[in-house]
Amino acid sequence: MRSPRRWWKTATGLALTGVMLFPVYWMINVSLTRDRDMRRSPPSWFPVDATLDGYRAVLDQQLPYLGVSLVVGLGTVLLTLAVAAPAAYSLAKLRPRGGGALSFALLIAQMIPGIVMAMGFYAMYLNLGVLDTLPGLIVADSTLAVPFAVLVLTTFMSGIPHELLQAARVDGAGAARTFWSIVLPVSRNAIITVSLFAFLWAWSDFVFAGTLDSGGDHQPITLGIYRYIGNNNQQWNAIMATAVVASIPAVALLVVAQRYVTAGVTAGAVKN
C-alpha cells in the first residue's frame, strides 16, 4: 500500500513543480525565439529555430546595469552585516536594557510598506543631496535586510553555549574579541543566510531604485529591464534574455548556499 501512495505523492510533486517552473521555461524559450516567430499562432513550444540575438543585445546594452546591481547587492550585504551582527550579539548575549522593545520594533519595521519608506528616503536624500547615488541606494536597501538579519542572528547567537564565551573571557578576551573570534565563526550558517537574503532583496529591488535612483547615471538591472521594455517593446527575445541573465546570479547563489541557508533558517528552532 505504501508504494502507490509514494508514487502519487511523487507524481503530484513533479506536476506542481512543473507548473511553478513553467514561467521560467517560457522565459528561456522566448529569449531564444526569433522576432518574426514571436507572434506565431499557435506559439512555438520549443525554440526550434533558436537565435542568440537577444543575448547579444544584453551584452551590448545591459552589462552596466548588471554591474551596478552587483555593487549595490554586495554593498547591501556588507552594510547589513556591519549593523546586524553586533546588534544581534548585544541582544542575544549582552542583554541591554530595552532589548525586548527593540526586538518588537524590528518586527514592526518589517511590516512597513516599501513605498512608504521610499518616500521618506526621497525627502531625506533630497535635502542631503544624495539622490541618484549608489551609497544612498545601498543604505535604503539595507533597511529591508537589517531587521530580518538582526532577528535571525539573535536567534542563532542565543543558542551559542555560555560556557564557550566564558572560556574566552577566562583567556582574557573582551566582548569585542569574543564577538570577532568566537561568535562570528560559530554563526557562519546564519551569516550566510542573512547575506544571501540581503543580496537577493537588493538585486531584485525596484521600488527604492525607481524612487531614489531613476535619474542617475548608475542604475540597477531592474531599472535596466524596465527602460528596455519601454524603448524596445517589440524585441521580446531581448527582454526575456535580460531577465534570464539577471536570474543567473541569484540561482547560482541559492544553489551554492543551499545547505548553509537550511541550517541557518532552522537554527534556534529546537533547543537541546
Side-chain angles (χ1 to χ4, degrees), residues 20 23-24 27 58 61-84 87 104-152 193-233 236 238-254 261 265:
M20 290 185 292
V24 178
M27 179 175 66
V58 172
Q61 303 176 19
Q62 298 293 337
L63 287 184
Y65 297 104
L66 290 169
V68 170
S69 288
L70 183 61
V71 172
V72 172
L74 294 177
T76 300
V77 170
L78 293 176
L79 182 57
T80 298
L81 292 179
V83 174
F104 182 74
L106 292 174
L107 286 174
I108 296 299
Q110 292 186 299
M111 302 178 186
I112 301 176
I115 187 61
V116 174
M117 298 177 64
M119 297 308 298
F121 273 116
Y122 182 86
M124 290 189 297
Y125 284 6
L126 185 62
N127 293 328
L128 296 174
V130 292
L131 276 176
D132 302 326
T133 62
L134 291 182
L137 189 56
I138 290 173
V139 171
D141 286 335
S142 298
T143 59
L144 296 176
V146 166
F148 171 82
V150 171
L151 294 175
V152 171
T193 300
V194 299
S195 298
L196 177 63
F197 278 95
F199 182 85
L200 293 179
W201 281 329
W203 185 267
S204 60
D205 169 64
F206 180 80
V207 174
F208 285 142
T211 306
L212 306 176
D213 199 26
S214 60
D217 296 330
H218 306 289
Q219 299 179 1
I221 187 62
T222 49
L223 291 185
I225 295 176
Y226 179 72
R227 296 186 183 282
Y228 194 79
I229 292 175
N231 294 331
N232 304 279
N233 55 8
W236 287 104
I239 296 170
M240 292 302 174
T242 305
V244 171
V245 173
S247 302
I248 292 176
V251 173
L253 286 175
L254 286 172
V261 172
V265 170

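Note that CG of Asp132 is 10.5 Å distant from NE2 of His218, once rounded to the nearest 0.5 Å. Expressed to the nearest 0.5 Å, how far CH2 of Trp201 lies from CG of Leu196 amounts to 10.0 Å. How far CD1 of Ile221 is from OG of Ser204: 12.5 Å, rounded to the nearest 0.5 Å. Here Thr211 contributes atom OG1 and Asp205 contributes atom CG; the two are 8.5 Å apart, rounded to the nearest 0.5 Å. With rounding to the nearest 0.5 angstrom, the CD1 atom of Ile138 is 12.5 Å from the CG atom of Leu212. Atom OG1 of residue Thr133 and atom CG of residue Leu131 lie 7.5 Å apart, to the nearest 0.5 angstrom.
Summarising the geometry of Met27 relative to Met240, their closest heavy-atom pair is O-CB, 3.4 Å, with the distance given to 0.1 Å. When all heavy atoms of Pro220 and Asp213 are compared, the pair lying nearest together is CD-OD2, 4.0 Å. For the residue pair Ala238 and Val58, the shortest heavy atom distance occurs at O-CG2, 4.1 Å. Pairing each heavy atom of Ala149 with each of Val194, the nearest pair is CA-CG1, 3.7 Å. Shortest non-hydrogen contact noted between Gly73 and Ala202 is CA-CB, 3.8 Å. Of all heavy-atom pairs spanning Pro249 and Ala246, the tightest one is CD-O, 3.5 Å.
Inter-residue side-chain proximity for Ser69 and Gln219 is flagged as unmet; no heavy-atom pair is nearer than 4.5 Å. Within the 4.5 Å cutoff, the side chain of Gln62 has no heavy atoms near those of the Val245 side chain. Using a 4.5 Å heavy-atom cutoff, the side chains of Thr76 and Phe199 are not in contact. Proximity of Leu200 to Leu254: side-chain heavy atoms (C-beta onward) are separated by under 4.5 Å at one or more points. Residues Leu107 and Gln110 have side chains in contact (heavy-atom distance under 4.5 Å, counting atoms from C-beta outward). Leu81 is listed as a side-chain neighbour of Ser195, based on a closest heavy-atom distance under 4.5 Å. No side-chain heavy atom of Phe208 sits less than 4.5 Å from a side-chain heavy atom of Val139.
In summary, of the residues considered (Val72, Asp141, Leu253, Leu66), a side-chain contact (heavy atoms from CB on, under 4.5 Å) with Trp203 occurs for Leu66 alone.
Tyr125 pairs by the ring pair (Phe, Tyr, Trp, His ring centres under 6.0 Å) definition with Phe121, not counting sequence neighbours.
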